[in-house]
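Below is one structure, written out as structure tokens; the observations come after it.
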Amino acid sequence: DWLRHNFTNKPDGMPGSTLGMDNIQSVIAPFLIHEYDLGKGQSPADQNLIKSSSAVVVIGSKNDETKSWVKVGELYEKIVLLGTKNGLSNATMASLIELGDLHKKLAEVIEMKSRPQIFFRLGYSDVKAKRSPRRSLKDVLIT
């Protein structure tokens with residue numbers, strides 16, 4: 001529901017251009033993703049992205065509750081902001097953390113004792129990233 005075509009005026013979501021899609025692909029992709037399970041085709045592509053990354057980072061927490069999520073998010077924010085300041089790109093790969101029990105398999109594979117909360121790639125890129133829309137501060141700040 002958050003994938004948008006490249007002509008969107010909505011203040012949130014991800015235009016197809018942020019995923020490297022041209023205009024036609026960006027119109028067709030939301031329908032395909034909504035109607036068909038494209039995961040099997042995406043897996044080999046994701047594996048290639050992971051293998052070609054300078055670094056793959058997993059941040060975990062001892063507990064799986066709100067306070068831990070916020071602390072992990074703050075650490076993630078510090079890492080990616082510092083990386084961006086130094087010319088690094090990052091890409092979050094949420095499915096390994098959010099789908100079913102995949103986080104348990106990831107923890108097992110990397111021998112992580114804590115619960116993986118964030119999984120992302122970090123490195124230098126030859127491609128200039130297109131930014132997704134941003135909501136204004138007044139629209140997201142709770143006072």
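Atom set for the values below is all heavy atoms of this structure, side chains included, hydrogens, waters and symmetry mates excluded.
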Atom [atom1] of [X] and atom [atom2] of [Y]: how far apart are they, to the nearest 0.5 Å?
| X | Y | atom1 | atom2 | value |
| --- | --- | --- | --- | --- |
| Ile118 | Ser61 | CD1 | OG | 9.5 Å |
| Arg115 | Lys104 | CZ | NZ | 9.0 Å |
| Leu122 | Asn86 | CG | CG | 10.0 Å |

Apart from Val27 itself, what residues make up its hydrophobic cluster when side-chain heavy atoms of I, L, V, M, F, W and Y under 4.5 Å apart count as a link, directly or indirectly?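 Cluster partners of Val27: Phe7.
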Would you say the side chain of [Y] lies within less than 4.5 Å of the side chain of [X], judging by non-hydrogen atoms?
| X | Y | value |
| --- | --- | --- |
| Ile97 | Leu106 | yes |
| Ile79 | Ile59 | yes |
| Met93 | Ile50 | yes |
| Phe31 | Leu3 | no |
| Asn90 | Thr84 | yes |
| His103 | Lys105 | no |

Do you reckon Phe119 sits in the same ILVMFWY cluster as Ile110, going by side-chain contacts under 4.5 Å, direct or chained? yes
Hydrophobic clusters here meaning ILVMFWY residues chained together by side-chain heavy-atom distances under 4.5 Å, can you tell me if Val57 and Leu81 are in one?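 They do not share one cluster, since no chain of ILVMFWY contacts under 4.5 Å joins Val57 to Leu81.
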Contacts of Arg121 that satisfy salt bridge (charged side-chain N to carboxylate O under 4.0 Å, His left out) - sequence neighbours left out: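 By the salt bridge (charged side-chain N to carboxylate O under 4.0 Å, His left out) rule, Arg121 matches no residue at all.
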Results of side-chain hydrogen bond (donor to acceptor under 3.5 Å, both in side chains) for [X] - residues two or more places apart only:
| X | value |
| --- | --- |
| Asp101 | none |
| Ser114 | none |
| Ser52 | none |

Output every pair passing ring pair (Phe, Tyr, Trp, His ring centres under 6.0 Å) with a member in residues 50-90, not counting sequence neighbours, ordered by first then second residue. Tyr76-Phe120
[X]: what forms a side chain to side chain contact (heavy atoms under 4.5 Å, CB included) with it, not counting sequence neighbours?
| X | value |
| --- | --- |
| Ala107 | Met112, Pro116 |
| Glu65 | Asn63, Lys67, Ser68 |
| Ser125 | Ser89, Val127 |
| Pro15 | Asn6, Thr8, Ser17, Thr18, Ser132, Pro133 |

Closest non-hydrogen contact found for Tyr124 with Ser54 is N-OG, 4.0 Å
Nearest heavy-atom approach of Ser53 to Val56 is CB-CG2, 4.3 Å
Please, which pairs that meet salt bridge (charged side-chain N to carboxylate O under 4.0 Å, His left out) have at least one residue in residues 70-79, sequence neighbours excluded? none
Quick one: salt bridge (charged side-chain N to carboxylate O under 4.0 Å, His left out) pairs with a partner in residues 2-29, sequence neighbours left out?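 Sorted result for residues 2-29: Arg4-Asp12, Asp12-Arg135.
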Is the closest side-chain donor-acceptor distance between Ser136 and Asp139 under 3.5 Å?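 On atom types as modelled, these side chains qualify, holding a pair under 3.5 Å.
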